[in-house]
Amino acid sequence: MATPDSKTVLFRDRPAAVERRLRVVHLAAGALSIGAVFWWLQFSLPSICCGDFDGYYHIKWSQLLWQGLRSGHFPPAFTWLPLTTLNPSQYADQHFLFHLLLIPFTWFSDLRLGAKVAAALFGAAAVFSLYWLVLRYRVRYPILWLLALLGCSWFFYARLNMTKAQSISILFIVAGIYLLFERKYAWLGPAAFLYVWTYNLFVMLGVLVLIWAAVVWWSERRIEWRPLLWTGLGMVAGFIVNPYFPHNVSLFFEHLIAKSGSASMQAGVGLEWYSLTGWVFLNSSVVACAAMAVGYIAFGYALSSIHPDRARVQRALLFLVFSSFLLVIALRSNRFMEYWPPFAVLFAAFTLQAVWDNKLTLPTRLPPHRGESLQPVPAEPEQVGAPKQEPSGAISRALSIVLLVIVLVAALLYNLHTTRAKITEVTKDPDHYREGAEWLRANVAPGSLIYDVNWSDFPKLFFYDTGHSY
């Protein structure tokens with residue numbers, strides 16, 4: 001028979017057990033829904049997605065890396081673009097770790113299928129990591145935020161379905177946010193090191209760390225130098241301890257100067273570097289735009305409260321500055337649409353959570369003595385988490401949530417339908433260039449130089465024919 005004490009312990013543990021079960025349900029719901037979305041989009045067409053041939057280059061080069069590793073010639077020389085800055089004497093693989101991660105997918109009998117599976121898995125992992133932040137920091141109404149993430153932007157999902165490194169880049173950004181929030185700064189060093197090896201947008205981690213240092217100074221009036229130190233050391237080590245050093249350094253600065261040195265993009269760069277028109281931008285990301293507006297309003301409300309502790313809005317402020325930064329660069333170049341929309345949703349989520357948390361510590365009674373300053377009084381235990389409400393208030397709240405669910409589901413369905421239509425429209429069939437490459441192999445001497453029109457032709461010619469240079 002249970003003793004009174006054991007019953008008390010059991011009663012107290014029950015909410016935690018229920019919370020753990022709910023967490024598992026939320027994680028499972030997120031994993032299944034996100035995975036289903038990426039699988040459905042990726043396999044709605046037979047080609048490597050999505051109107052961009054770069055995926056053919058990435059999967060083929062990963063196969064060649066694997067062959068070089070097995071033969072003892074690693075990394076192999078890159079001989080296919082001799083008249084460019086990627087000639088054999090200057091070549092540096094700016095996606096080196098990403099290409100290593102793709103190697104298991106080159107073991108498929110159909111290289112194209114391996115690339116598609118990789119894109120679906122990496123993309124789903126990236127969005128799931130964003131949703132995991134919502135669960136990890138116990139943001140209220142996680143299913144609503146899951147729907148918002150899934151419906152944030154059709155352009156975002158079109159970009160993330162490409163067999164490119166942006167999905168892995170988002171994973172590094174999420175890892176950086178977690179390490180900053182948990183103040184596990186020493187781990188930023190290895191994260192920065194691996195990020196440099198993965199993608200030249202590792203600078204995103206540096207931006208995050210600078211923002212966090214500014215947030216800590218604003219809220220705590222002290223200089224937080226440790227994340228700056230560890231991140232800087234990791235980046236420097238990633239450049240130096242690298243099979244392509246020092247060419248990787250020069251290539252990075254070439255890209256940095258070429259892409260950020262002017263107010264507008266010069267003619268001849270890839271289409272992903274140009275900006276979207278205002279209407280296309282809004283139409284592609286209505287949920288993300290609404291999330292930014294909600295976030296700005298909620299943050300202003302949070303700051304206007306009488307709560308004296310600025311540290312309570314640290315996380316919200318990080319997302320405010322970071323998502324605003326991403327918005328600016330997304331307006332300039334559509335390639336950053338693979339970053340801004342989901343972080344706009346997280347900005348709204350964490351800012352509203354700061355507002356809700358603040359309500360639990362607002363003054364609930366007047367001070368006992370005249371003239372004494374009004375101080376925040378912590379909520380009573382029964383108030384924490386789920387304050388009691390009048391029946392009419394509970395009904396109004398439930399109706400609001402139902403209406404919001406309907407709106408988010410409608411946005412989700414619209415964005416998924418539009419994503420599928422757009423990627424099907426712009427993606428060439430899988431045999432595009434195949435017959436031409438077969439003719440080259442049969443009729444042109446191996447090692448000959450083939451003149452193609454521009455970079456966009458090269459990846460697929462390279463995929464089908466590595467016996468010639470371009």
Side-chain angles (χ1 to χ4, degrees), residues 34-66 80-81 95 98-99 101-127 153-169 199 270-274 280 284 334-335 337-338 415-441 450 452-468 470:
I34 293 168
V37 163
F38 274 91
W39 206 259
W40 180 72
L41 288 173
Q42 185 63 226
F43 290 94
S44 63
L45 69 169
S47 303
I48 296 177
C49 204
C50 303
D52 184 313
F53 287 155
D54 284 7
Y56 289 93
Y57 155 73
H58 290 303
I59 195 68
K60 186 65 178 182
W61 178 236
S62 294
Q63 184 185 57
L64 295 173
L65 284 175
W66 173 238
W80 292 273
L81 292 171
H95 303 93
F98 172 65
H99 290 144
L101 293 174
L102 279 179
I103 283 177
F105 301 95
T106 67
W107 303 338
F108 285 64
S109 57
D110 183 350
L111 208 56
R112 174 194 55 84
L113 177 61
K116 292 177 69 64
V117 172
L121 290 178
F122 291 160
V127 175
S153 167
W154 65 256
F155 211 108
F156 168 71
Y157 281 95
R159 293 285 302 172
L160 227 61
N161 269 281
M162 297 176 178
T163 308
K164 299 175 78 170
Q166 49 257 41
S167 296
I168 307 300
S169 180
Y199 196 28
L271 291 176
E272 65 180 11
W273 285 102
Y274 292 97
V280 172
S284 69
N334 70 73
R335 70 163 302 163
M337 290 294 284
E338 60 230 38
N415 278 304
L416 292 184
H417 170 76
T418 304
T419 303
R420 186 173 186 178
K422 293 292 185 181
I423 63 179
T424 303
E425 176 187 345
V426 301
T427 304
K428 301 288 186 181
D429 66 87
D431 292 327
H432 188 74
Y433 282 165
R434 178 193 289 273
E435 292 184 1
E438 290 176 349
W439 187 92
L440 289 173
R441 291 201 305 269
I450 309 299
D452 54 313
V453 176
N454 52 41
W455 164 262
S456 63
D457 298 321
F458 166 74
K460 208 162 190 187
L461 291 171
F462 173 70
F463 178 80
Y464 287 123
D465 176 19
T466 56
H468 301 94
Y470 301 90

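If you read the sequence from its start, that first residue is 1, and numbering goes on from there. Note that the structure is predicted; figures quoted are calculated from it, not measured.
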* His58 vs His99 aromatic rings, parallel, tilted or perpendicular, using cut-offs 30° and 60°? -> tilted
* Would you call Phe108 and Ile59 a side-chain contact if the rule is heavy atoms closer than 4.5 Å? -> no
* Structure fact -> NE2 (His95) and CG (Leu101) are apart, to the nearest 0.5 Å, by 12.5 Å
* Asked: Within the side chain of Arg112, is there an N or O that forms a donor-acceptor pair under 3.5 Å with the backbone of Pro46?
  -> yes
* **Aromatic ring pairing Tyr57/Phe458, orientation class (parallel under 30°, perpendicular over 60°, tilted between)** => tilted
* CG-NZ distance between Leu102 and Lys60, expressed to the nearest 0.5 angstrom -> 14.0 Å
* Evaluate the ring pair (Phe, Tyr, Trp, His ring centres under 6.0 Å) criterion for residues Tyr433 and Tyr56: first the C-alpha distance (whole Å), next the side-chain angles of each, then the deciding distance (0.1 Å), finally the verdict. => CA-CA 12 Å; Tyr433 282 165; Tyr56 289 93; 9.5 Å; no
* **Nearest non-hydrogen partners of Ala158 and Thr419, listed with the distance** => N-CG2, 3.8 Å
* Structure fact -> To the nearest 0.5 Å, atom CG of Asn161 lies from atom SG of Cys49 at 5.0 Å
* Structure fact -> Here the pair of heavy atoms bringing Ile423 nearest to Leu41 is CD1-O, 3.6 Å
* Asked: Taking side chain as C-beta onward, heavy atoms only, is Lys164 less than 4.5 Å from Asp52?
  -> yes
* Asked: Distance-only, no hydrogens or angles: does the Ser284 side chain make a donor-acceptor pair with backbone N or O of Ser153 under 3.5 Å?
  -> no
* **Close side-chain approach of Phe155 to Thr418, heavy-atom, < 4.5 Å** => no
* For residues Leu160 and Gly123, report the shortest heavy-atom separation together with the two atoms involved. => CD2-O, 3.9 Å
* Main-chain N/O of Gln42 paired to Lys116 side chain as donor or acceptor, under 3.5 Å -> yes
* **Nearest heavy atoms of Phe105 and Val117, plus distance in Å** => CE2-CG1, 3.9 Å
* Any chance you could measure Met162, atom CE, to Ile48, atom CD1, to the nearest 0.5 Å? => 12.0 Å
* Which atom of Lys422 lies closest to which atom of Trp154, heavy atoms considered -> CG-CZ3, 3.7 Å
* Please tell me if the side chains of Asn334 and Val280 come closer than 4.5 Å, counting only heavy atoms from C-beta onward. => no
* Gap between atom CD1 of Ile450 and atom CH2 of Trp80 - 0.5 Å precision -> 14.5 Å
* **Spacing of Tyr464 atom OH and Leu111 atom CG [to the nearest 0.5 Å]** => 10.0 Å
* Please report the shortest heavy-atom distance between Phe53 and His432, naming the atom on each side. => CZ-CD2, 3.6 Å
* Side chain of Ser47, backbone of Lys428: donor and acceptor closer than 3.5 Å? -> yes
* To do: Check whether any side-chain heavy atom of Asp457 lies under 4.5 Å from a side-chain heavy atom of Tyr470, and answer yes or no.
  => no
* Report the relative orientation of the aromatic rings in Tyr157 and Phe38; use parallel for angles under 30°, tilted for 30 to 60°, perpendicular for over 60°. => tilted
* Examine distances only and state if a side-chain atom of Thr106 and a backbone atom of Ile103 form a donor-acceptor pair shorter than 3.5 Å. => yes
* **Test item: Ser169 side-chain N/O and Ala165 main-chain N/O as donor-acceptor pair under 3.5 Å** => no
* Check whether more than 12 heavy atoms from other residues, nucleotides or ligands sit under 6.0 Å from atom NE2 of His417, and answer yes or no. => no
